[in-house]
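Worksheet: one structure, shown below.
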Amino acid sequence: MSELIFTDYGSLITTLKLALITTVILLVIGTPIAWYLSRWQSKWRVIVEAVIALPLVLPPTVLGFYLLIAFSPTALPGQLWQSITGQQLAFSFSAIVIGSVLYSLPFVIQPLQKAFEQIDQYLLDNAAMLGAKPFDRFCSIVLPMSKASFITATTLGFAHTVGEFGVVLMIGGNIPDETRVLSIALFDHVESFDYAAAHQLAAGLLVTSVLILSFVYLLNFSQDRGKPL
């Protein structure tokens with residue numbers, strides 16, 4: 001039993017580490033993408049939006065399969081990674097970080113893009129006329145007006161990464177303390193008919209998901225009524 005708890009503890013640490021790193025990367029790359037899409041008027045915008053939203057409808061194993069091929073030592077991305085780092089990309093922690101970023105990208109970009117589209121361009125133009133630089137305008141106008149959406153995007157990106165299974169299993173395998181996350185640990189318990197341990201993990205993930213979604217809906221409810229959370 002103690003070995004079981006220790007194994008699940010390692011999976012918990014790997015999961016939290018993966019979700020934290022992935023969320024930070026998502027915010028760094030997702031914010032400029034969402035801003036650009038919110039101001040882009042070209043007809044090609046719908047194509048880019050469709051590609052970004054693809055993980056919402058695409059089976060995770062499909063994305064994981066093609067990433068597994070791309071990350072292999074015989075493919076160009078895998079070869080480049082191995083020549084730079086000296087290590088194989090497939091079945092590594094770095095691989096599941098890249099896969100998680102791609103798979104959770106729409107959960108961060110879409111809330112931010114929606115918030116950016118609601119910001120009046122008139123405010124930004126006036127700030128520019130007063131001499132505010134683009135970064136100043138973003139920090140003084142865009143960021144405060146989009147605060148709730150940033151919290152929503154961060155929460156959804158983190159929570160979605162915690163619950164990943166198909167993509168992580170395909171490109172990361174099941175390596176303890178490296179790529180074995182909670183969802184894979186849960187699958188292992190079910191396969192070994194250890195339903196008591198599986199129930200503990202499943203119940204914990206279920207309660208956590210309910211709490212996170214309740215927080216997001218409470219945040220949106222407060223925002224719609226113009227009240228602080």
Side-chain angles (χ1 to χ4, degrees), residues 19 21-72 75-81 84 89-90 94-129 132-161 163-164 166-168 170-171 216 220 223-224:
I21 294 175
T22 299
T23 303
V24 172
I25 296 175
L26 284 170
L27 289 174
V28 170
I29 67 174
T31 300
I33 294 175
W35 176 258
Y36 185 75
L37 289 176
S38 70
R39 262 46 185 176
W40 194 22
Q41 301 300 325
S42 171
K43 62 182 180 182
W44 296 103
R45 167 180 159 176
V46 295
I47 304 297
V48 176
E49 289 176 332
V51 171
I52 292 174
L54 198 56
L56 295 176
V57 296
L58 189 68
T61 49
V62 175
L63 177 61
F65 172 71
Y66 284 113
L67 287 178
L68 179 62
I69 294 176
F71 292 168
S72 67
L76 181 59
Q79 289 178 351
L80 288 176
W81 180 274
I84 295 173
L89 180 56
S94 298
I96 62 176
V97 169
I98 296 173
S100 299
V101 168
L102 294 175
Y103 192 56
S104 298
L105 197 59
F107 291 87
V108 171
I109 286 185
Q110 290 187 351
L112 295 181
Q113 182 181 346
K114 181 180 178 183
F116 293 159
E117 289 173 346
Q118 295 175 350
I119 296 177
D120 194 344
Q121 185 63 35
Y122 179 76
L123 295 175
L124 301 175
D125 292 340
N126 280 348
M129 291 177 62
K133 301 297 182 184
F135 184 73
D136 295 333
R137 297 198 294 270
F138 182 82
C139 293
S140 59
I141 298 177
V142 178
L143 195 58
M145 297 182 68
S146 310
K147 183 176 65 176
S149 294
F150 269 99
I151 296 175
T152 300
T154 303
T155 306
L156 291 179
F158 186 90
H160 190 251
T161 304
E164 280 184 37
V167 173
V168 173
M170 291 288 284
I171 61 178
V216 171
N220 291 331
Q223 186 182 25
D224 292 341

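Residues Gln110 and Leu56 approach most closely at NE2-CD1, 3.6 Å, considering heavy atoms. Considering every non-hydrogen atom in both Val168 and Ser100, the closest pair reads CG2-OG, 4.4 Å. Between Pro144 and Cys139, the closest heavy-atom pair is CD-O, 3.2 Å. Ala115 approaches Ser149 most closely through the heavy-atom pair CB-OG, 3.1 Å. Between Leu112 and Ala34, the closest heavy-atom pair is CB-CB, 3.7 Å. Residues Leu124 and Arg39 come closest through the heavy atom pair CD1-NH2, 3.5 Å.
For the atom pair CD1 of Ile21 and CG of Leu26, the computed distance is 12.0 Å after rounding to the nearest 0.5 Å. Atom-to-atom distance recorded for Gln118:CD and Ser146:OG is 8.5 Å, nearest 0.5 angstrom. In this structure, OG in Ser38 is found 14.0 Å from NZ in Lys114, a value given to the nearest 0.5 Å. Note that CG of Leu143 and CD1 of Ile119 are 9.0 Å apart. Values are rounded to the nearest 0.5 Å. We find the CD1-CD1 distance between Ile52 and Ile33 to be 5.5 Å, quoted to the nearest 0.5 Å. From Leu54, atom CG reaches atom OH of Tyr103 across 10.5 Å, with rounding to the nearest 0.5 Å.
Checking each of Leu68, Leu63, Val62 against Tyr66 for a side chain to side chain contact (heavy atoms under 4.5 Å, CB included) leaves exactly one that passes, namely Val62.
Using a 4.5 Å heavy-atom cutoff, the side chains of Met145 and Leu123 are in contact. Two residues are said to be in side-chain contact when any heavy atoms from C-beta on lie closer than 4.5 Å; Ser104 and Glu164 meet this criterion. Side-chain contact check for Leu89 versus Ile98: some heavy-atom pair is nearer than 4.5 Å. Counting only heavy atoms from C-beta outward, the side chains of Phe158 and Thr22 never approach each other to under 4.5 Å.
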Practice prompt. Report the C-alpha distance between Val108 and Ile29 in whole Å, list the side-chain angles of each, state the deciding distance to 0.1 Å, and finish with yes or no for side chain to side chain contact (heavy atoms under 4.5 Å, CB included).
Written response: CA-CA 10 Å; Val108 171; Ile29 67 174; over 6 Å; no
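In this pair, Trp35 and Phe138 present their aromatic rings perpendicular. The plane angle is above 60°, beyond the 30 to 60° band.
Side chain of Arg137 to main chain of Val142: no donor-acceptor pair is present (N/O by atom type, distance under 3.5 Å, no hydrogens or angles).
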